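A quick note: this is a predicted structure, and the numbers were derived from the prediction, not measured. Convention: sequence-line order gives letters A, B, ...; per-chain numbering from 1. Both backbone and side-chain heavy atoms feed into the values below; hydrogens, waters and symmetry mates do not.
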2 protein chains.
Amino acid sequence: MATNRKMDFLADEIVLADFAKAIAHPARIAILKILAQHKSCICGEIVEGLPLAQATVSQHLKELKSIGLIKGSIEGKTSCYCIDWEVFNQFVNQFGVFAELSQNASCQAQSCC
Amino acid sequence: MATNRKMDFLADEIVLADFAKAIAHPARIAILKILAQHKSCICGEIVEGLPLAQATVSQHLKELKSIGLIKGSIEGKTSCYCIDWEVFNQFVNQFGVFAELSQNASCQAQSCC
DNA sequence: ACCATTTATCGTATATTTGCGATATATAAT
DNA sequence: ATTATATATCGCAAATATACGATAAATGGT
């Protein structure tokens with residue numbers, strides 16, 4: 001059981017779900033907020049700002065980076081991260097899909113809800 | 001290990017993460033798309049439209065309902081679901097938080113990324 | 001060269017999510 | 001009342017995600 005059915009869905013559904021999954025944790029939301037506030041690269045400050053161990057924060061950063069929401073680069077002894085706003089906005093705009101579908105809907109009946 | 005640190009975060013971070021989690025699965029994205037297209041209550045048609053067993057779809061519907069993204073009501077022999085657009089839009093608007101933080105940021109340095 | 005600092009990765013324990021068959025429940029039709 | 005249909009819930013197996021100590025790797029300072 002619990003065989004992975006992910007690939008039985010449409011590509012854009014998977015993409016949007018993966019984006020949602022990337023931000024589906026308060027720590028990752030908090031990281032994005034910190035990065036947005038600083039607008040540039042801080043490093044161990046992210047660890048300081050979160051109630052989690054360094055290893056855990058590093059793991060969350062990796063996840064955000066792997067989906068492209070943040071960029072990272074090594075600056076000497078430290079690592080710098082920042083939000084890739086282009087990618088971020090691209091994802092957020094995806095939510096417009098639902099409103100579009102809603103407007104094009106042929107059946108407008110509102111029978112029960 | 002893996003003790004739940006969720007409550008160590010801010011309320012709005014938890015709320016946004018929970019919303020993201022609710023849509024962090026292609027099946028639930030697909031369900032929302034179907035509901036948006038029909039704009040009203042369909043029932044077993046959701047099961048028909050997905051590559052998953054009825055029990056599994058019912059579980060996904062329950063998750064979307066529990067967070068308030070969809071509403072459901074029983075219509076005789078069938079169940080009807082539809083998107084709660086008020087709640088949906090409320091959540092989507094939350095993403096504006098990041099852009100706001102970014103604009104208010106005192107440190108605008110873009111040293112590395 | 002040695003040490004302190006910073007960050008990434010590994011290994012592992014635990015928690016949560018996902019998927020589905022089986023079954024319960026509720027209604028409609030006969 | 002019996003049966004068929006539609007949906008929800010239960011119980012469990014498998015898959016993923018989360019958290020963190022330990023440790024590795026890389027750099028800068030002495």
Taking the side chain of [X] as its heavy atoms from C-beta onward, which of [options] lies nearest to it?
X: A/Arg28; options: D/dT18, C/dT18, C/dC20; result: D/dT18
X: B/Leu52; options: C/dT7, D/dA19, C/dG19; result: C/dG19
X: B/His25; options: D/dG21, C/dG19, C/dC20; result: C/dG19
X: B/Ser79; options: D/dT7, C/dG19, C/dT9; result: D/dT7

Which part of the nucleic acid, if any, lies within contact of [X], taking any heavy atom under 4.0 Å across all strands shown: a base, the sugar-phosphate backbone alone, or nothing?
X: A/Ser58; answer: base
X: A/Gln54; answer: base
X: B/Glu63; answer: sugar-phosphate
X: B/Ile74; answer: nothing
X: A/Leu61; answer: nothing

Just how far, in rounded Å, is [atom2] of [N] from [atom1] of [X]?
X: B/Asn4; N: D/dT18; atom1: CG; atom2: P; value: 10 Å
X: B/Ile23; N: C/dT17; atom1: CD1; atom2: P; value: 15 Å
X: B/Lys77; N: D/dT3; atom1: NZ; atom2: P; value: 16 Å
X: A/Lys62; N: C/dT6; atom1: NZ; atom2: C1'; value: 17 Å
X: B/Leu64; N: D/dT7; atom1: CG; atom2: C1'; value: 16 Å
X: B/Met7; N: D/dA19; atom1: CE; atom2: P; value: 12 Å
X: A/Leu50; N: D/dC20; atom1: CG; atom2: C1'; value: 15 Å
X: B/Asp8; N: D/dC20; atom1: CG; atom2: C1'; value: 14 Å

Task: Pairwise 5' ranking along DNA chain D for B/Gly44 and B/Gln59, keeping only the more 5' one - done: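 Residue closer to the 5' terminus by nearest nucleotide: B/Gly44.
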Task: Residue whose nearest DNA chain D nucleotide is more 5′ - A/Ala2 or A/Thr56 - done: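 So the residue in question is A/Ala2.
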Task: B/Arg28 side-chain N/O to B/Lys21 backbone N/O, donor-acceptor pair under 3.5 Å - done: yes
Task: Which residue lies more 5' along DNA chain C, comparing A/Ala55 with A/Lys6 via nearest heavy atoms - done: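 That would be A/Ala55.
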TODO: On DNA chain C, check which nucleotide each of A/Thr3 and A/Lys65 is closest to and give me the residue with the more 5' one.
DONE: A/Lys65
Task: Axis deviation across the helix from C/dA1-D/dT30 to C/dT30-D/dA1, five-pair ends, to the nearest 10° - done: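 For the helix from C/dA1-D/dT30 to C/dT30-D/dA1, the axes at opposite ends meet at about 20°.
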Write down the atom of [X], the atom of [Y], and the distance for their closest heavy-atom approach.
X: A/Ala24; Y: B/Ala24; result: CB-CB, 4.4 Å
X: B/Phe9; Y: B/Glu13; result: CB-OE1, 3.5 Å
X: B/Leu69; Y: B/Ala22; result: CD1-CB, 4.3 Å
X: B/Ile67; Y: B/Phe91; result: O-CE1, 4.2 Å
X: B/Trp85; Y: A/Phe98; result: CH2-O, 3.4 Å

Open item on the list: Looking at A/Ile74, I want to see if its CD1 is surrounded by more than 12 non-hydrogen atoms of other residues, nucleotides or ligands under 6.0 Å.
Closed with: no
